[in-house]
Amino acid sequence: MRIDIVTLFPEMFAGPFGAGIVARARAAGVVEVALHNPRDYTHDRHHVVDDTPFGGGPGMVLKPEPLFECVEALQAQARGHVVLLTPQGRLLSDAVARELAEQARLIVICGHYEGVDERVREALVDDEVSIGDFVLSGGEPAAIVLVDAVVRHVPGALGSQQSLAEESHAGGLLEYPQYTRPAEYRGMRVPEVLLSGDHAKVAAWRREQSILRTARRRPDLLERARLTVAERRMAERVARGQRVDVRPRLFRVVVPVGEVDRAAAFYAQLLGFAGERVAPARHDFDCGGTILACVDPRADDGGLRPSAGCVYFAVEDVAAAYDRARAAGARITDRVRRRASGERSFYCRDPWDNPLCFADEATVFSGGRSVP
Ligand code: 9D3
């Protein structure tokens, strides 16, 4: 592929095109990039490229002659698809970049803050592209962006086409969170699932994270994302601002229990999900990243020490948690009440007499009071 860039500031491209993907693609002989200055196509002594607008008004307008002559000289070598970079163009997307990458030759004209004579648009340009709804002082940074996005789609331009395949594999979703060593940094732990070595679980977690992120940050992308029916239902709930994860979020915790099997069943009913057996004498419940570990202190090999005092859960719906606690056979020690801090909560005890508290997360996470 050949890309010709028509610009009054060719020196702006030296850095961006001197390294990275464009340099690699040029070195590999996959793309040719050439810069052309319309100023070189003027015939007057002062190489004038702009003039005042007819009808008056501020600023200057790029004259048609230098642009016509420059582009026509290029077209005489081999026909190319002429793109004008302008804030009025169609928005650049990966689909647009892919489409442009199919051209054997692109001629890219960089607009200018003052504007371009309309006859250039009418008679010289095939396509108008903008890179987004923000104001640049010229088309040059946009050309750098466009060339990068296009070149990625030219076969052989990337070291391997694998990254490209992975991108399309993501099915129009945002990327999942990535981590590398160390597993804990300044108290921030890498999600346990990524350290598990369970590839299926990792893939499922990443998929979920991609969907959640897309729903929260770019719900506009969901329309065209490739999702299963269940995924779409979940994504749309999130996009509408509803929490999907109705599990209680544990915020302050190891509870010593008599029989792990019985504890697993009790807590599963209490919390509303099954948790998992991680050792014969230990059953874990992942409460939003904090693990509630039910351990048999007699069988425990000393790895876990019971948390002192009460275990606090933050829940979306205190009344529902209360019903679950009663159904699970918890001993209610203090029914649902509004506390001095403003939170609604209740206290109960599990069958091993561990004190538990469920509080509404809206108050808990706001620090109390501010949420009515
Ligand atoms: C007085 C001019 N502006 C009125 C709001 C219009 C204008 C014209 C040209 C504003 C900026 C520019 C220069 N920008 C580009 O040439 C440009 C651009 C951009 O500003 N944003 C996003 N994509 C692009 S592509 C080219």
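All residue numbers refer to positions in the sequence shown, counting from 1. Atoms within each ligand, like the ligands themselves, are counted from 1 in listed order.
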Quick one: look up the protein heavy atom nearest [atom] and list residue, atom name and how far away it is.
| atom | answer |
| --- | --- |
| atom 12 (C) of ligand 1 | Leu136 O, 3.6 Å |
| atom 9 (C) of ligand 1 | His112 O, 3.3 Å |
| atom 22 (C) of ligand 1 | Gly132 O, 3.2 Å |
| atom 2 (C) of ligand 1 | Tyr113 O, 3.3 Å |
| atom 21 (N) of ligand 1 | Phe134 O, 2.8 Å |
| atom 23 (N) of ligand 1 | Ile131 N, 3.0 Å |
| atom 17 (C) of ligand 1 | Pro87 CD, 3.7 Å |

Within the 4.0 Å heavy-atom shell around [X], which atoms of ligand 1 are there?
| X | answer |
| --- | --- |
| Val129 | 25 (S) |
| Ala142 | 25 (S) |
| Leu85 | 16 (O), 25 (S), 26 (C) |
| Gly139 | 15 (C), 16 (O), 26 (C) |

Within the 4.5 Å heavy-atom criterion, are [X] and [Y] side-chain neighbours or not?
| X | Y | result |
| --- | --- | --- |
| Glu140 | Phe9 | yes |
| Glu361 | Glu316 | yes |
| Val108 | Val6 | no |

Ionic contact status for [Y] with [X], cut-off 4.0 Å:
| X | Y | result |
| --- | --- | --- |
| Arg207 | Glu231 | yes |
| Glu99 | Arg90 | yes |
| Glu236 | Arg240 | no |
| Asp261 | Arg277 | yes |
| Glu69 | Arg39 | no |

Among Thr86, Val83, Asp133, which one puts a heavy atom closest to atom 25 (S) of ligand 1?
Thr86
For atom 4 (C) of ligand 1, is some protein heavy-atom partner under 4.0 Å away?
no
Can you tell me if CZ on Arg326 sees more than 12 non-hydrogen neighbours from other groups inside 6.0 Å?
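Atom CZ in Arg326 is not crowded, with 12 or fewer foreign heavy atoms closer than 6.0 Å.
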Please determine whether any non-hydrogen atom of Gly115 lies less than 4.0 Å from an atom of ligand 1.
no
